Each structure stands twice: as structure tokens, then as C-alpha cells.
Amino acid sequence: LKKKTLGKVFVIKSNRRVSRQIKAKQRSCRKHGMLVSALFADATAAFDAGYVLVNPITGKEVKSREETFGMLVIMEGNTRFRAWLEEVKRIKEEKRKSKGESKTEKPFEYTFAYRHITDPKVFKDQYRHINIDNVPTKTKDFARDFLDTEKANKIIAAYASKIDRGLTPK
């Protein structure tokens, strides 16, 4: 995300801002990078759909449709965006405390795709279904992936063999 783009982005006010999720996402993105791109759309469609839009830097609410012209809104990726903003703050603070030096020169790269949506009904429908249709990954899904990808580990291979024979842990 470039500085010139940042000035053109609004967030939807009702989108959750859970501090612990933002901090966890910040740590994850710092360590692994942003693994899934965000999705941006036209802010006018979101405004026309009835969403209250907010400037994420100033906290100021958008009052008129005209303010949305040429602007973007985050459809998906709000927590990653908030984590990116926190990472920018962390780096600035680190530089301030160490008089210009920082272990991390740049925040993780915030990537996004753009979807051109002009119909407010389409925006609302897609925005709502981004989270409704998304089923969170369960521990058993991680375990299944681990079992499938760690066959070289003798302990995991023995455990997988027992599962294949119908045995389950108590």
C-alpha cells in the first residue's frame, strides 16, 4: 500500500476492530508477510448501499456522496489493514526512541485487489457474503494438513497409520 493510495481509502464503520485480532494479525504478517490480499472496491457504491464510511487516519465520517468520488473502501482485509497501520506506528515509534534507527525499516507489504462495483445492491450482497460464506479453519483442519504434509516424521507417520486402521485417540 503506497502513501498516495492510503489517502484514498475509507473503511466501513461497522467493521469490527478487535484489538487482540489486530495484534495477532500484525505479528503474523510481520513474520510471514500478508498471505492473502485484501479486496478494495468503489467507496461510492458502499456509501450508496447505506454503509457509514470513515477515514481510517482521522476517524472522520464521510458526510456526503461527493466525498466518496474517486475513493476506495475495504471490502475484505480490514483487520490486516489495521495491523498494517499499527505496524507503521510501531516502526515510527521505534525510530523515534532510537533516534532514527529501526530494526524494521518498512512495514509488511499490504497487498490488495480492486473490484469495480458501481451497483450498491451488488456491493452490499458481496460484502455481507464475504464473511457469511467463509467458514473459519478448525483445529482438525490444521491437524489433517499436518498429517498429510509431515509423513517423513516417524511419530506422525505412526499416528497416521493408526488413524488409517480406524484407531482414534481417547
Side-chain angles (χ1 to χ4, degrees), residues 1-47 49-117 123 126-143 145-146 149-150 153:
L1 187 66
K2 305 283 187 222
K3 206 172 195 174
K4 66 181 179 180
T5 307
L6 178 60
K8 294 183 175 198
V9 176
F10 291 135
V11 295
I12 295 174
K13 184 177 181 179
S14 61
N15 205 320
R16 64 184 178 272
R17 285 180 71 175
V18 181
S19 219
R20 67 178 168 71
Q21 288 177 335
I22 293 168
K23 290 295 182 195
K25 189 57 72 179
Q26 182 183 2
R27 285 189 303 273
S28 173
C29 288
R30 187 182 315 135
K31 184 175 180 181
H32 306 290
M34 191 169 144
L35 302 175
V36 178
S37 294
L39 182 60
F40 286 19
D42 296 291
T44 305
F47 186 86
Y51 291 101
V52 177
L53 306 181
V54 176
N55 179 313
I57 307 302
T58 65
K60 182 181 166 216
E61 284 185 19
V62 173
K63 299 293 183 196
S64 71
R65 185 175 193 271
E66 288 72 27
E67 291 178 68
T68 67
F69 296 167
M71 300 295 282
L72 302 169
V73 67
I74 300 173
M75 278 185 82
E76 208 291 314
N78 185 64
T79 300
R80 282 166 276 158
F81 181 72
R82 301 275 182 196
W84 184 83
L85 290 175
E86 288 300 316
E87 188 69 359
V88 169
K89 283 185 206 171
R90 183 191 69 76
I91 292 167
K92 280 184 181 177
E93 183 62 17
E94 194 175 271
K95 283 182 178 180
R96 188 190 65 74
K97 284 182 178 176
S98 61
K99 298 180 176 37
E101 296 294 318
S102 172
K103 289 184 270 181
T104 313
E105 287 299 316
K106 293 182 185 176
F108 59 87
E109 185 179 9
Y110 184 89
T111 59
F112 64 92
Y114 166 75
R115 179 166 287 160
H116 181 71
I117 301 171
F123 180 89
Q126 289 186 5
Y127 178 73
R128 285 181 174 168
H129 283 275
I130 283 171
N131 289 314
I132 292 171
D133 296 342
N134 188 13
V135 178
T137 305
K138 304 280 190 248
T139 304
K140 68 179 180 178
D141 298 319
F142 285 115
D145 177 72
F146 192 76
T149 60
E150 298 297 325
N153 182 309

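These numbers come from a predicted model, not from an experiment.
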Distance in Å, [X] [atom1] paired with [Y] [atom2], rounded so as to fall on 0.5 Å steps:
X: T111; Y: L35; atom1: OG1; atom2: CG; result: 9.0 Å
X: I22; Y: Q26; atom1: CD1; atom2: CD; result: 9.0 Å
X: M75; Y: N15; atom1: CE; atom2: CG; result: 11.0 Å
X: F47; Y: K63; atom1: CZ; atom2: NZ; result: 9.5 Å

Identify the heavy atoms of [X] and [Y] that sit nearest to each other, and give their distance.
X: S37; Y: A113; value: CB-N, 4.4 Å
X: V36; Y: M34; value: O-CE, 3.2 Å
X: M71; Y: V9; value: CE-N, 4.0 Å
X: V88; Y: P107; value: CG2-CG, 3.7 Å

Residue pair [X] / [Y], side-chain heavy-atom distance below 4.5 Å:
X: H116; Y: D42; value: yes
X: I74; Y: R80; value: no
X: N78; Y: V11; value: yes

Checklist entry - Quick one: salt bridge (Lys or Arg N to Asp or Glu O under 4.0 Å) pairs with a partner in residues 22-35, sequence neighbours left out? => result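 For residues 22-35: K23-E86, R30-E87.
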
Side-chain atoms of residues 53-60: list all donor-acceptor pairs with protein atoms under 3.5 Å, sequence neighbours left out, distances to 0.1 Å.
unit_1 : atom_1 : unit_2 : atom_2 : d
N55    : OD1    : I57    : N      : 2.7
N55    : OD1    : T58    : N      : 3.1
T58    : OG1    : K60    : N      : 3.1

Checklist entry - If you look only at pairs with a residue in residues 49-73, which of them pass as a ring-ring contact (aromatic ring centres under 6.0 Å, His included), with sequence neighbours excluded? => result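 For residues 49-73, and leaving out neighbouring residues, the ring-ring contact (aromatic ring centres under 6.0 Å, His included) pairs sorted by first residue read Y51-F123, Y51-Y127.
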
Checklist entry - In terms of ring plane angle, is the pair F81 and Y110 parallel, tilted or perpendicular, where the classes change at 30° and 60°? => result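 Answer is perpendicular, since the angle exceeds 60°.
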
Checklist entry - Do any N or O atoms from the side chain of W84 and from the backbone of E109 form a donor-acceptor pair under 3.5 angstrom? => result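 No, W84 side chain to E109 backbone: no donor-acceptor pair under 3.5 Å.
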
Checklist entry - With E94, which of K92, R90, R96 fulfils side chain to side chain donor-acceptor pair (under 3.5 Å)? => result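 The side chain to side chain donor-acceptor pair (under 3.5 Å) with E94 is passed solely by R90 among K92, R90, R96.
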
